[in-house]
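Below is one structure, written out as structure tokens, with a few remarks after it.
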Amino acid sequence: MSVILGGMAQEKNDFLEQLKKKDPTIMAEVVRQHTGHLYKACLGLGFPEFEAEDLVQNVWITFFDVLHSFEGRSSLRTFLFGILYNKASELRKKQKRIDPTEDIEQRLDNHFDSQGHWILSHSPISPDKFYESTQTLGIIAQCLDLLPLNQKMAFVLKEVQEELTEEICRVLSVTATNLGVLLFRARNQLRECVEYKSK
Amino acid sequence: MKEQNMLSCKEVVKIMSSEDASVWRRRFNVRFHLWICHHCRKYARHIEILKSEFKKLFSSQTDKVDDLKLREVEGKIIRRLQK
């Protein structure tokens with residue numbers, strides 16, 4: 001068993017070494033392996049095609065710039081998604097997109113009385129009506145677009161791509177508790193947004 | 001059941017939106033609360049609907065990406081990197 005595992009680890013190291021030496025065949029192989037996934041994730045995050053293409057290209061350029069510091073502790077894919085997250089944040093900052101200022105925690109608090117029970121006029125609408133609202137053309141994408149990038153990325157990686165908590169934490173460089181907070185905010189903002197549009 | 005084991009709606013909402021459904025569905029006090037509270041049951045459905053509708057949106061977006069387009073993007077990147 002240890003021989004097999006040792007062999008696999010060796011193979012992985014060789015691969016990484018060749019990649020670090022920028023062996024053209026290996027480089028092309030790695031690009032072909034991961035580009036589709038990165039590109040689709042950009043679209044899922046709401047970037048239009050032309051931006052998605054630029055973003056992915058920049059991710060790869062940075063990837064080969066910083067590859068020497070990659071120790072192989074996380075998977076290549078996680079490493080790439082971490083770079084994607086940074087590149088996407090830079091791009092969003094350049095576009096001066098302002099995060100929604102209204103505090104979701106405050107808004108959520110307003111739905112409950114002092115004992116923590118739902119206030120009737122603020123209680124969740126019927127699931128049928130909620131579902132109907134999600135079917136309004138473009139609404140889902142619009143609501144997602146309102147989220148700050150870290151919440152958006154946490155939500156998309158968790159709910160849509162169903163990545164492991166551990167991997168998502170590495171990509172966003174946050175603790176599991178922080179990820180819980182990001183998901184809490186994202187889910188509640190999205191729910192409020194969809195519910196609001198149904199009124 | 002003792003009072004301190006009872007969760008309020010607000011607490012249940014916080015748990016359901018921070019944790020994975022696979023985790024909170026195993027919590028007895030959350031399940032008990034959902035059993036008696038139809039508001040929070042609705043909330044739980046909202047969270048489920050969000051997940052499935054976002055998944056649908058994502059696959060409709062990525063299904064549109066054809067292989068030809070992807071090969072083109074990959075080709076550009078590879079040429080750029082090997083310059």
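Predicted, not measured: the structure shown is a model, and the values here were computed from it. Atoms considered below: every heavy atom in the structure, side chains included; atoms not considered: hydrogens, waters and symmetry mates. Below, chain A is the first sequence line, B the second, and so on; all start at residue 1.
Considering only heavy-atom pairs separated by less than 4.5 Å from chain B, the leading option among A/Val181, A/Leu182, A/Leu120, A/Thr134 is A/Thr134. Contacts with chain A were tallied for B/Glu53, B/Glu48, B/Gln61; B/Glu53 has the most, counting heavy-atom pairs under 4.5 Å. Between chain B and the options A/Asp109, A/Ile140, A/Asp113, A/Thr35, the largest number of non-hydrogen pairs under 4.5 Å is found for A/Ile140. Counting heavy-atom pairs closer than 4.5 Å to chain B, the top residue among A/Gln161, A/Gln115, A/Lys158 is A/Lys158. Counting heavy-atom pairs closer than 4.5 Å to chain B, the top-ranked of the candidates A/Ile61, A/Thr177, A/Leu179 is A/Ile61. Contact count versus chain A (heavy atoms, under 4.5 Å) is highest, among B/Arg45, B/Gln82, B/Lys56, for B/Gln82. Each of B/Ile15, B/Val13, B/Val12, B/Ile47 has some count of heavy-atom pairs under 4.5 Å with chain A, and the biggest count is that of B/Val13.
Put simply, the side chain of A/His111 does not reach to within 4.5 Å of the side chain of B/Cys9, judged on heavy atoms. Considering only heavy atoms from C-beta on, A/Asp128 stays 4.5 Å or farther from A/Glu132 through its side chain.
By the neighbour-count criterion of 12 heavy atoms within 6.0 Å, atom NZ of A/Lys129 is sparsely surrounded, having that number or fewer from other residues, nucleotides or ligands.
A/Ala186 does not touch chain B: none of its heavy atoms, backbone or side chain, sits under 4.5 Å away. B/Glu19 touches chain A through its backbone: at least one of N, CA, C or O sits under 4.5 Å from a heavy atom, while the side chain does not. Heavy atoms closer than 4.5 Å to chain B are found in both the backbone and the side chain of A/Tyr131. Using a 4.5 Å cut-off between heavy atoms, B/Leu57 contacts chain A through its side chain alone, with no backbone atom that close. The part of A/Leu108 that comes within reach of chain B is its side chain, from C-beta onward, which places non-hydrogen atoms under 4.5 angstrom from that chain.
Residue pairs meeting the ring pair (Phe, Tyr, Trp, His ring centres under 6.0 Å) criterion with at least one member in residues 168-195 of chain A, sequence neighbours excluded, do not occur.
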Go through A/Lys20 and A/Leu16 one step at a time and tell me if the side chain to side chain contact (heavy atoms under 4.5 Å, CB included) criterion holds.
CA-CA 6 Å; A/Lys20 284 184 182 178; A/Leu16 205 57; 4.2 Å; yes

I'd like to know whether A/Lys87 forms a side-chain hydrogen bond (donor to acceptor under 3.5 Å, both in side chains) with A/Thr62, so could you lay out the CA-CA distance, the side-chain angles of the two residues, the decisive distance to 0.1 Å, and finally the verdict.
CA-CA 9 Å; A/Lys87 292 284 156 195; A/Thr62 304; 3.1 Å; yes

Just do the disulfide (SG to SG under 2.5 Å) check on A/Cys143 and A/Cys193 with the steps written out, would you?
CA-CA 6 Å; A/Cys143 289; A/Cys193 179; 2.1 Å; yes

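When every heavy atom of B/Ala44 is checked against every heavy atom of B/Met16, the shortest pair comes out as CB-SD, 3.8 Å.
The side chain to side chain contact (heavy atoms under 4.5 Å, CB included) test with A/Gln189 is passed by exactly one of A/Leu147, A/Leu144, A/Val194: A/Leu147. Evaluated for a side chain to side chain contact (heavy atoms under 4.5 Å, CB included) with A/Leu157, the options A/Ile168, A/Leu164, A/Leu45 yield exactly one hit, A/Ile168.
Residues of residues 64-71 of chain B having a heavy atom under 4.5 Å from any heavy atom of chain A, listed by number: B/Val65, B/Lys69, B/Leu70.
The salt bridge (charged side-chain N to carboxylate O under 4.0 Å, His left out) search around A/Arg170 returns A/Glu166, A/Glu167, not counting sequence neighbours. Every residue was checked against the disulfide bond (SG atoms under 2.5 Å apart) condition with A/Cys169, not counting sequence neighbours, and none meets it.
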